[in-house]
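Scroll down for the structure; my scribbles are underneath it.
So you know, we letter chains A, B, ... as the sequences are listed, proteins then strands, and number each from 1.
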There are 4 protein chains.
Amino acid sequence: MPRLTPERREAKRAEIVAAARRCFSRDGFHQTSMPDIAAEAGVSAGAPYRYFASKEEIILTIAGDAFRMIFEPVQRLAAVTDEASIADLATASLTALSVETATDAAGLPVPVEELLRCAVQTWSEMLRNDAVLARATEGFDAVCHSIAGALRRSQSAGAIPATVEPEHGARVVMGLLHGFLLQRVAFGLTDAEGFTDDIRTLLTANRHGSHGEPMS
Amino acid sequence: MPRLTPERREAKRAEIVAAARRCFSRDGFHQTSMPDIAAEAGVSAGAPYRYFASKEEIILTIAGDAFRMIFEPVQRLAAVTDEASIADLATASLTALSVETATDAAGLPVPVEELLRCAVQTWSEMLRNDAVLARATEGFDAVCHSIAGALRRSQSAGAIPATVEPEHGARVVMGLLHGFLLQRVAFGLTDAEGFTDDIRTLLTANRHGSHGEPMS
Amino acid sequence: MPRLTPERREAKRAEIVAAARRCFSRDGFHQTSMPDIAAEAGVSAGAPYRYFASKEEIILTIAGDAFRMIFEPVQRLAAVTDEASIADLATASLTALSVETATDAAGLPVPVEELLRCAVQTWSEMLRNDAVLARATEGFDAVCHSIAGALRRSQSAGAIPATVEPEHGARVVMGLLHGFLLQRVAFGLTDAEGFTDDIRTLLTANRHGSHGEPMS
Amino acid sequence: MPRLTPERREAKRAEIVAAARRCFSRDGFHQTSMPDIAAEAGVSAGAPYRYFASKEEIILTIAGDAFRMIFEPVQRLAAVTDEASIADLATASLTALSVETATDAAGLPVPVEELLRCAVQTWSEMLRNDAVLARATEGFDAVCHSIAGALRRSQSAGAIPATVEPEHGARVVMGLLHGFLLQRVAFGLTDAEGFTDDIRTLLTANRHGSHGEPMS
DNA sequence: CATGAATGAGCATTCATTCAT
DNA sequence: TATGAATGAATGCTCATTCAT
């Protein structure tokens, strides 16, 4: 008969995760100590160990969460896209990354900035942490799969060239998303519109027949 | 031991840098200890401190080197591009990233894989290390500038739409490069061809009159 | 381990201080390593850092304690002296320094020898450690002030010449105390009696008309 | 056939000693590294080891020099004193410490401030370095002996009470000197006059029949 | 003789983790 | 169940000393 109801347990775990995310976002995975996380969460130094076996497990959780929350709107979008051009898809996805706040599994708001900063750090972590690599790859594959599906449907609808290999096209879209994400959090380039405008121009110019002509 | 000639000193420094790069590439900046670096270089624990004031200075050196070496071929390419489409530029840049070995300032070969792995870690480091941020931003801006110049010249030549804002277009190209770089080292997607093929298809299809046409 | 009671915490802190004092007394501030202190205290290497932010803080604590404990009897004496000659004051103060054991803030006994040895080292430390300098100066001023007060009262009572400037006289007394302290711990001259006898002779001989007569 | 003449060798040794003294005076024995000393002397890192077997030997040299130079004028004074009171002797000795510059064995000027700061540090060093202890004690004993001799001669002349034990009296004088020295360098009390005036008052008041008389 | 590069033991300090209470 | 004191290995860095040149 646990004194802690499963709900309260889950809530406390989520608080620790949120605290860890704030710390990681601010100071990085390796500059954040477990006592830092506990202090940020307002719990004792030992408490996190009742919810996570190790610091690595917290990192793993946060890495998985970050990718999931960041790309969830992209996946949702891809799921319902039937006739979009790649430009539409990329633009919509980038726009989806530009909100201020995402929502975690418990329904609590999380600043997207935090997620993005954790995501960039996760990329480093993937290089030498197989568990993180596996979790991130899983998420990546799922998103690519969604996008590839959208591309296939768009090809059926004639919105994009039949010669595009959907899996490859999905990787190009993901590349643009990751590239933009990096420019936003690491290089401080928060202007998504210029970015999306030019993607649109580059990818759709011809669809209206004429720009793309020599200009001067 | 009398004075080291500047050449020998530089050579030894380069050896330590190379050892550090192997360690960082393998284990990450923060999982690599200074003794690890010294051991990898085959020198004593104190030796690296005769060439670098701190671990951070080694990281900074390697971060700067990595960006420089990775994007040097891209910059060289951009410098001579006059009439390329964005697809040509992106494809050529991605191809340039696909070599096995780069050459460092001393003329020694460096596995590109190592550089890329260090670059991804540098992205994390940028989030909370201002010196690394400054150095990386400097490199990023230089490459963007080169690419924007190439885009401007290509616009003059009519190879790309006049509506593309060169600075934004450069960011799109860099986004694709960073996105590909990440997919290669973190997600194990080393197949650059599929990636470049689809960029080409997506960006050039229309130039032959309508989307959906084969491109090559 | 649940929370330590403040008493137990204080007791443990005092144990670490005592261990550090033994080490410092034996080996000096700079020849004593933190692991040495921990080992002497019978705790782990990290434990002292739960009670002190740094080695310097331990030194500062011990420096302050040493001066306080050493000169406490002198101050107590000065506070109640009304009609003593300088010889009485100096003699009584020197005698006060000649006990074997002092009592620390927690009421525990501390060998005076240890305190004196730490005090001498503190003098070196004052030359380049401003925090130690400030703490020691504070103590020095307080003791001088007490002694000056006693001198003033003794002047009112006619026990010492009116031409003595109390602040200067206090410095002379302190000079004798410090000088004796040094001779005792550094030069091994533990015979306080010869020292005090001659101070007495020198300072009081004439008061009864001719030098060399006992005074009271 | 040494390429270095003994004179040049001695001169270089003296330069290293002077450099070390500046460093020790400024930063302390243990905060000064051997490279610091070499750099201050403008020689290579290995050079000091051709003149001194170890850092400790440099400390030993400087400790001995400091005591010798500081107390040389006192000894000279004591040697010629025949009829001085203790007050005269103490006052003259303190005055001798108040010059700006002393002269080393090679005839070069040395700031007295440096010597005093080194002397205070030597007191710490004596507590755990037997060689330093021996050298310092030797100097101390010699000075005490000189002073005791002066006291004896003054007793014969009737200038001081016969009941003063010359050895003890010498210790009292040395105590005053050490005490003043400490107040000057550690507590910043450079005013020797107030100090000596009051010694004089305290020790001589009665000799003119009653305390409280003006003394000068 | 002199140089200064190299060594490597040693230091202050941190921190993930444990576990007695 | 939760606490937070304790652990102790590990880290970045320094520096007295040596010795090849």
Handout entry: Canonical and wobble pairing (Watson-Crick, G-U, under 3.5 Å) of DNA chain E, dot-bracket with |
Key = .||||||||||||||||||||

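Distances shown here put a side-chain N or O of Lys12(B) below 4.0 Å from the OP1 or OP2 atom of dA6(E). The side chain of Ser44(A) contributes no N or O atom lying less than 4.0 Å from OP1 or OP2 of dG4(F). For dT1(F), neither phosphate oxygen OP1 nor OP2 lies less than 4.0 angstrom from any side-chain nitrogen or oxygen of Tyr51(A). Between Arg50(D) and dA2(E) there is a side-chain N or O to OP1 or OP2 distance below 4.0 Å.
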Contacts under 3.5 angstrom, residues 125-134 of chain C side chains, donor-acceptor by atom type, not counting sequence neighbours:
residue	atom	partner	partner atom	Å
Glu125(C)	OE1	His30(C)	NE2	3.1
Arg128(C)	NE	Asp27(D)	O	3.1
Arg128(C)	NH1	Gln31(D)	OE1	3.3
Arg128(C)	NH2	Ser124(C)	O	2.8
Asn129(C)	OD1	Ala131(C)	N	3.0
Asn129(C)	OD1	Val132(C)	N	3.1
Asn129(C)	ND2	Glu56(C)	OE2	2.9

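The residues Glu10(B) and Arg13(B) are annotated as salt-bridged, a charged nitrogen and a carboxylate oxygen being separated by less than 4.0 angstrom.
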Grab the N/O contacts between the protein and nucleotides 12-15 of chain F below 3.5 Å, and write none if there aren't any.
residue	atom	partner	partner atom	Å
dG12(F)	OP1	Thr32(B)	O	3.4
dG12(F)	OP1	Lys55(B)	NZ	2.6
dG12(F)	OP2	Met34(B)	N	2.7
dC13(F)	OP2	Tyr49(B)	OH	2.9
dC13(F)	OP2	Lys55(B)	N	2.9
dC13(F)	O5'	Tyr49(B)	OH	3.3

Exercise for the section: Determine, step by step, whether Phe52(B) and Val17(B) satisfy the side-chain contact (heavy atoms from CB on, under 4.5 Å) criterion, reporting the C-alpha distance in whole Å, the side-chain angles of both residues, the deciding distance to 0.1 Å, and the verdict. Expected result: CA-CA 10 Å; Phe52(B) 299 93; Val17(B) 167; 3.5 Å; yes

Exercise for the section: For Tyr51(D) and Arg9(D), run side-chain contact (heavy atoms from CB on, under 4.5 Å): C-alpha distance rounded to whole Å, both residues' side-chain angles, the deciding distance at 0.1 Å, then the answer. Expected result: CA-CA 9 Å; Tyr51(D) 300 87; Arg9(D) 183 177 164 81; 3.6 Å; yes

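Listed for the Asp65(B) side chain is no donor-acceptor partner under 3.5 Å among the backbone atoms of Ile62(B).
Here CG of Asp104(B) is found 4.5 Å from CG of Leu108(B). Values are rounded to the nearest 0.5 Å.
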